[in-house]
Number of protein chains: 2
Amino acid sequence: MPESLPADSVGLVQPQSLHFDQPLELDCGRVLPEYELVYETYGTPNADRSNAILVCHALSGDHHAAGYNSMEDRKPGWWEACIGPGKPLDTNRFFIVSVNNLGSCKGSSGPNTINPETGRYWGPDFPIVTVRDWVHSHARLADELGIEQWAAVVGGSLGGMQVMQWAIDYPDRLRHAVIIAGAPRLSAQNIAFNEVARQAIMSDPEFHDGYYLQKGTLPRRGLMLARMLGHITYLSDEAMRAKFGRELRTDQINFGYDVDFQVESYLRYQGQSFVDRFDANTYLLMTRALDYFDPAAEHDDDLTAALAPVTARSLVVSFTSDWRFSPERSREIVKALLDGNKSVAYAEVQAHQGHDAFLMPIAQYMAVFRAYMDEVAAELEEGA
Amino acid sequence: MPESLPADSVGLVQPQSLHFDQPLELDCGRVLPEYELVYETYGTPNADRSNAILVCHALSGDHHAAGYNSMEDRKPGWWEACIGPGKPLDTNRFFIVSVNNLGSCKGSSGPNTINPETGRYWGPDFPIVTVRDWVHSHARLADELGIEQWAAVVGGSLGGMQVMQWAIDYPDRLRHAVIIAGAPRLSAQNIAFNEVARQAIMSDPEFHDGYYLQKGTLPRRGLMLARMLGHITYLSDEAMRAKFGRELRTDQINFGYDVDFQVESYLRYQGQSFVDRFDANTYLLMTRALDYFDPAAEHDDDLTAALAPVTARSLVVSFTSDWRFSPERSREIVKALLDGNKSVAYAEVQAHQGHDAFLMPIAQYMAVFRAYMDEVAAELEEGA
């Protein structure tokens with residue numbers, strides 16, 4: 001809990017919710033007859049809402065990207081580093097919308113909400129949604145909020161994939177695309193890690209084919225394993241070395257399978273605490289959305305062709321020690337944009353924090369991000 | 001099953017076994033009152049057995065390193081690429097001993113063998129053995145086989161750690177140390193992967209605190225997950241891309257959690273088939289032996305000091321795409337040896353196969369390995 005709210009924080013914020021009655025046709029062929037989207041906003045819209053920015057979240061993220069929901073909150077939103085007065089996504093200039101994705105477990109319709117048609121938890125019957133489905137639903141949110149064109153759509157990791165999809169599907173509705181720690185599609189290794197995580201969850205006897213909520217239980221072990229594994233891929237080898245090395249938790253090794261090394265203790269804690277705040281069906285769904293994202297697939301694996309509709313100018317940012325979505329993957333996006341004669345700025349930030357770097361206030365990253373967003377703000381002022 | 005035995009194979013071989021009555025004091029403080037070691041030999045010993053080479057195996061390896069145990073075998077031993085007539089470990093010149101480590105599940109005393117004191121499976125009560133314990137037990141095997149000094153001790157991965165320990169603990173008993181795809185100790189990331197694998201096994205309800213054999217069951221799911229995860233770390237991102245890419249198993253994605261991608265199918269198969277041929281308690285024990293190996297720890301993290309006793313000349317080999325034990329880790333060994341004025345040759349082999357490269361007949365690797373072993377053979381002839 002913050003003693004007092006930091007001056008550069010958006011402070012206390014409340015989530016809002018919108019109900020959508022218009023059915024949403026999904027990539028999988030199914031239709032969501034109605035659904036709820038939860039979101040937060042930071043900053044103030046200008047008259048024509050041309051200063052609106054959409055923030056897209058990653059696998060385990062949600063709409064709570066900045067500030068505090070109450071004075072009892074121990075931590076601020078997940079992108080506090082980047083959103084707030086004077087920060088790259090400057091709430092003195094921009095009106096920022098952060099939406100919780102369909103299929104999540106944080107308020108928007110998803111496996112842990114009630115299916116209005118049955119009165120029971122959706123559970124595993126919630127349809128598998130894709131990045132495109134999310135973007136489609138977010139466009140409807142924009143309609144409801146009276147936002148015709150985003151000044152920018154912004155996101156890291158899986159969020160960056162949503163940004164790409166926005167730029168492809170709704171080229172007229174965003175002026176800038178900011179793709180951070182992203183990839184044009186998962187590699188076989190990425191899919192492999194997701195598959196192990198899913199198998200961990202689905203092979204947990206408490207999974208009950210996904211109907212665990214009905215059974216009043218949780219696949220705790222499986223979800224814990226999935227999160228532990230995820231964490232290894234979010235951190236770099238270097239970051240783990242810096243953070244834990246081979247440090248022992250006690251004076252000497254115990255010749256057993258209890259915690260010997262600090263890194264074991266850290267991972268167990270991360271895994272165990274995740275279980276209390278995340279839903280296993282959502283984890284499956286989010287990893288599958290990652291696996292399936294592949295805009296080039298419909299264009300004979302030609303990413304340049306897939307990005308042909310893009311009119312937004314882009315900023316692409318990668319981090320040197322990110323081995324989950326390495327700089328190489330960002331460069332694929334940059335190259336495809338350049339090959340298509342699109343405007344793109346690219347920064348490869350020196351950082352040892354691995355994939356998680358996109359969440360952190362790393363000086364070079366902040367400088368690049370801020371400089372780019374200053375330009376976006378300057379355009380707004382020129383337009384005004 | 002081979003139609004006929006290849007000319008460059010050692011052909012049909014039979015494992016042998018030796019019982020040791022002399023108690024073995026272990027690093028953990030416990031004592032093994034008696035134990036069995038299973039091994040195979042290839043080639044013919046010379047009069048003074050100075051042409052003997054010890055092969056040390058890795059995590060899931062065993063004594064069956066080359067040839068076939070029967071004409072029904074579908075595959076030869078795990079190091080068929082390197083052991084045989086005309087191969088780097090040339091059975092026309094060397095007498096090769098390949099031993100199964102204590103704690104394994106392939107014949108030597110371990111969790112899946114009977115504790116003679118109780119008449120029941122050792123299970124989780126088998127002591128946690130270390131790399132040093134193995135080397136100690138292998139030295140006794142050398143005594144029994146009348147081998148005073150190995151021409152070389154050779155191993156990859158965890159096998160390479162045993163080679164280092166041999167060179168430190170018994171400097172007079174080996175002339176050459178061949179350390180392939182090794183590391184002077186695990187990184188935090190390495191330990192983290194091991195920890196997830198162990199948690200997968202131990203959180204399987206069929207684990208029963210390790211007493212699953214007594215219960216007539218197996219922690220199949222946990223061991224499968226551990227193996228799937230291991231496999232990702234044995235292959236490089238590049239190798240996975242080359243092998244599977246994002247290839248689908250059927251024409252289109254199924255919008256579910258069944259197998260969509262070839263890599264998922266491969267991993268599931270690898271995981272499932274492992275369960276039928278490996279023991280979960282052994283997996284725990286082997287990963288812990290990996291975690292604990294750290295010869296520099298007793299010397300204020302000074303690897304050069306740890307390697308001070310070494311008199312063997314060394315060959316160190318690493319593979320460019322190995323991210324489990326990267327070339328950087330091998331270079332730490334090389335640097336420490338050089339700083340201690342030891343004789344060491346180092347080769348960093350261009351290979352896209354990742355850590356598993358050490359098992360494969362990669363031309364540059366074979367050339368380096370053969371050239372080095374030719375020198376070892378030449379010394380023998382000079383000595384003769």
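Hydrogens, waters and symmetry mates are skipped; everything else that's a heavy atom, side chains included, is used.
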Using a 3.5 Å distance criterion without hydrogens, assess whether the side chain of R221(A) forms a donor-acceptor pair with backbone atoms of Q199(B).
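Not confirmed, R221(A) side chain does not pair with Q199(B) backbone.
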So, the side chain of Y257(B) versus the backbone of E195(A): is there a donor-acceptor pair under 3.5 Å, distance only?
no
Using non-hydrogen atoms only, which part of [X] is less than 4.5 Å away from chain B: side chain, backbone, both, or neither?
X	value
L225(A)	both
D27(A)	both
T287(A)	neither

Using non-hydrogen atoms and a 4.5 Å limit, figure out which bit of [X] sits close to chain A: side chain, backbone, both or neither.
X	answer
N254(B)	both
S326(B)	neither
R268(B)	side chain
L284(B)	both
D301(B)	neither
F261(B)	side chain
L26(B)	neither

Name the option with the most non-hydrogen atom pairs under 4.5 Å to chain B; the candidates are R246(A), E247(A), Q189(A), M228(A).
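Highest number of pairs under 4.5 Å: R246(A).
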Please check if atom [atom1] in [X] has more than 12 non-hydrogen atoms from other residues, nucleotides or ligands closer than 6.0 Å.
X	atom1	value
D300(B)	CG	no
Y121(A)	OH	no
Q214(A)	CD	yes

Which one of L186(B), L267(B), V259(B), T130(B) has the most heavy-atom pairs closer than 4.5 Å to chain A?
L186(B)
Based on non-hydrogen pairs under 4.5 Å, which of D237(B), D291(B), L285(B) is most in contact with chain A?
D237(B)
I need the D258(A) CG to R198(B) CZ distance, nearest 0.5 Å.
10.5 Å
Non-hydrogen atoms of [X] and [Y] that approach each other most closely:
X	Y	result
A192(B)	V263(A)	CB-CG2, 4.1 Å
P205(A)	P205(B)	CG-CG, 3.4 Å
L229(B)	L229(A)	CD1-CD1, 3.3 Å

Test: D260(A) and R288(B) ion pair at under 4.0 Å
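Salt bridge: yes.
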Parallel, tilted or perpendicular: ring planes of F193(A) versus F193(B), cut at 30 and 60 degrees:
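Taking F193(B) first and then F193(A), their aromatic rings lie parallel (interplane angle under 30°).
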